[in-house]
Asker: 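Submitted below is the structure of interest, expressed as structure tokens.
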2 protein chains.
Amino acid sequence: MPTDADLANLASDLRLACMRISRRVRFESANVLAPHAFSVLARLGEQPRTPRELADIERVSAPSMTRTTTALVERGLIDRAPDPEDGRCVILSLTAQGEALLAQTRAARDGWMSSRVATLSRAERDVLREAVQILAKVAEQ
Amino acid sequence: MPTDADLANLASDLRLACMRISRRVRFESANVLAPHAFSVLARLGEQPRTPRELADIERVSAPSMTRTTTALVERGLIDRAPDPEDGRCVILSLTAQGEALLAQTRAARDGWMSSRVATLSRAERDVLREAVQILAKVAEQ
DNA sequence: TATTGTTATACTCTATAACTATA
DNA sequence: TATAGTTATAGAGTATAACAATA
């Protein structure tokens with residue numbers, strides 16, 4: 001039977017481990033785009049969205065999102081199109097160039113991580129494979 | 001025998017899982033300090049350091065670190081002291097108030113994580129306990 | 001009247017360049 | 001001459017307030 005302290009320690013250790021990995025990935029992989037801009041690109045990689053949706057997802061103000069998306073449009077990474085069903089809305093989506101940059105950035109980040117994972121034992125990798133499934137549940141709760 | 005693709009997939013899944021957890025933690029826990037300031041506080045929680053050391057660790061310029069640490073001094077969270085061995089250096093360390101804020105912020109972040117971990121099965125938590133050890137190795141490489 | 005999006009304005013964080021003090 | 005730190009200045013990102021267009 002795990003005590004409250006066991007749970008708290010695991011939670012703390014796990015949080016710190018994830019944050020350290022995340023930090024290392026961000027630092028080690030060359031970043032062409034600033035984090036907030038990359039995050040928007042990644043969201044649009046899932047599906048086209050309106051500026052309002054992006055602002056809510058990213059937890060920034062609408063004017064901030066306007067600025068970010070304007071910069072991405074100017075760089076040719078995303079497209080703006082009017083919403084045929086609601087004249088107030090704009091629909092943002094990735095350009096081919098945006099998709100390419102997204103793929104390239106992810107490859108760079110994965111590259112750093114791959115080089116680390118490759119040094120682990122088979123057993124360690126198996127543990128991490130299981131952990132990935134559990135972490136996905138945790139993040140989605 | 002794992003293929004290159006197996007390794008690459010695990011690395012990618014693991015990276016994304018850690019980044020999502022990290023992102024959720026940052027979003028869900030109320031943040032009294034901005035990320036860059038909290039990060040400096042956390043570094044000084046490990047040991048006293050000079051502004052130059054902090055700038056190198058955080059990968060920001062010396063003037064940026066001057067601004068960040070000045071704000072933390074003004075808020076009473078860190079102390080500045082001359083280095084007795086090198087007149088050019090300044091030694092920064094946490095005040096009692098800084099230590100308290102650090103502990104409080106960590107408790108809030110751990111609280112979010114704990115509530116998630118508590119819903120997992122005993123077996124899942126055991127996997128995560130092992131994963132934490134492996135992730136620590138990965139991050140330190 | 002409510003919602004989407006933009007523009008106007010100000011504040012914060014960041015960087016480079018220039019300066020002071022110490023080694 | 002090199003290094004630690006600060007100050008001066010400018011470039012981004014963010015926010016709130018005010019505005020235009022549409023529902």
Side-chain angles (χ1 to χ4, degrees), chain A residues 23 26-44 47-93 98 101 105, chain B residues 23 26-27 29-44 47-94 98 101 105:
Chain A
R23 183 183 179 82
R26 274 185 291 115
F27 273 17
E28 299 293 338
S29 61
N31 293 307
V32 180
L33 285 179
H36 71 285
F38 178 76
S39 195
V40 166
L41 214 64
R43 289 297 178 178
L44 293 179
Q47 59 179 279
R49 299 178 195 273
T50 66
R52 165 55 44 196
E53 288 174 325
L54 288 172
D56 289 341
I57 292 172
E58 298 296 323
R59 317 257 179 128
V60 298
S61 66
S64 288
M65 191 50 68
T66 293
R67 179 184 277 269
T68 300
T69 56
T70 298
L72 290 172
V73 168
E74 284 172 358
R75 289 186 62 169
L77 300 173
I78 68 178
D79 265 338
R80 304 170 53 109
D83 184 335
E85 296 176 0
D86 187 335
R88 296 170 303 181
C89 293
V90 169
I91 297 183
L92 302 166
S93 59
L101 180 57
T105 303
Chain B
R23 183 183 179 83
R26 274 184 290 116
F27 273 16
S29 61
N31 293 306
V32 181
L33 285 179
H36 72 285
F38 177 76
S39 195
V40 166
L41 213 63
R43 290 297 178 177
L44 293 179
Q47 58 179 279
R49 298 179 194 274
T50 66
R52 165 54 44 197
E53 287 173 326
L54 288 172
D56 289 341
I57 292 171
E58 299 297 323
R59 318 259 179 129
V60 297
S61 64
S64 289
M65 191 49 68
T66 293
R67 177 183 277 268
T68 299
T69 55
T70 298
L72 290 172
V73 168
E74 284 172 358
R75 290 186 59 169
L77 300 173
I78 68 177
D79 264 338
R80 305 169 55 110
D83 184 335
E85 296 178 0
D86 187 337
R88 297 170 305 179
C89 293
V90 169
I91 297 183
L92 302 166
S93 59
L94 292 189
L101 180 57
T105 302

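By convention in this document, chain letters (A, B, ...) are assigned in the order of the sequence lines, proteins followed by strands, and residues within each chain are numbered from 1.
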Asker: Out of C/dT16, C/dT6, D/dG5, which nucleotide sits closest to the side chain of B/Pro63?
Answerer: C/dT16
Asker: Would you say A/Arg67 places a side-chain N or O within less than 4.0 Å of OP1 or OP2 belonging to C/dT9?
Answerer: no
Asker: Looking at B/Thr50, I'd like to know whether one of its side-chain N or O atoms comes within less than 4.0 Å of OP1 or OP2 on D/dT3.
Answerer: no
Asker: Base, sugar-phosphate or nothing for B/Arg52? Non-hydrogen atoms, less than 4.0 Å.
Answerer: sugar-phosphate
Asker: So A/Ser39 and B/Arg23, do their side chains get closer than 4.5 Å, heavy atoms only?
Answerer: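 B/Arg23 reaches A/Ser39 side chain to side chain.
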Asker: Have a look at B/Thr70 and say if it touches a base, only the backbone sugar-phosphate, or nothing, with a 4.0 Å heavy-atom cut-off.
Answerer: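 Counting heavy atoms under 4.0 Å across all strands, no contact is made by B/Thr70.
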Asker: Decide yes or no for A/His36 and A/Val60: does some side-chain heavy atom of the first lie under 4.5 Å from some side-chain heavy atom of the second?
Answerer: no
Asker: Can you tell me which residue among B/Asp79, B/Asp83, B/Asp86 is in a side-chain contact (heavy atoms from CB on, under 4.5 Å) with B/Ile91?
Answerer: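 In the set B/Asp79, B/Asp83, B/Asp86, the residue that makes a side-chain contact (heavy atoms from CB on, under 4.5 Å) with B/Ile91 is B/Asp83.
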Asker: With a 4.0 Å limit, can you tell me whether B/Ser64 has a side-chain N or O closer than that to the phosphate oxygens OP1/OP2 of C/dC13?
Answerer: no
Asker: Check the phosphate of C/dT6 against A/Thr66, side-chain N and O only, distance under 4.0 Å to OP1 or OP2. Yes or no?
Answerer: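 Affirmative; the distance criterion is met.
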Asker: Measuring only between side-chain heavy atoms, which start at C-beta, is B/Leu54 closer than 4.5 Å to B/Leu44?
Answerer: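 Side chain of B/Leu54 against side chain of B/Leu44, heavy atoms only: contact under 4.5 Å found.
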Asker: Report, as yes or no, whether the 6.0 Å neighbourhood of atom CD on A/Glu85 holds more than 12 heavy atoms from other residues, nucleotides or ligands.
Answerer: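 Counting other residues, nucleotides and ligands, CD of A/Glu85 stays at 12 neighbours or fewer.
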Asker: Can you pull out the residues from residues 86-93 of chain A that lie within a 4.0 Å heavy-atom distance of DNA chain D?
Answerer: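 Contacts with DNA chain D under 4.0 Å: A/Asp86, A/Gly87, A/Arg88.
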Asker: Compare side-chain N and O positions of B/Arg49 against OP1 and OP2 of D/dA4 and report whether any pair is under 4.0 Å apart.
Answerer: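 Result: no.
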Asker: By nearest nucleotide on DNA chain D, pick out whichever of A/Ala37 and B/Thr69 is the more 5' one.
Answerer: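 It is B/Thr69, whose closest nucleotide lies nearer the 5' terminus.
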Asker: Considering all heavy atoms of both residues, which atom of A/Pro51 and which atom of A/Leu92 are nearest to each other, and what is their separation?
Answerer: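 Heavy atoms only, the tightest pair is CG-CD1, 3.8 Å.
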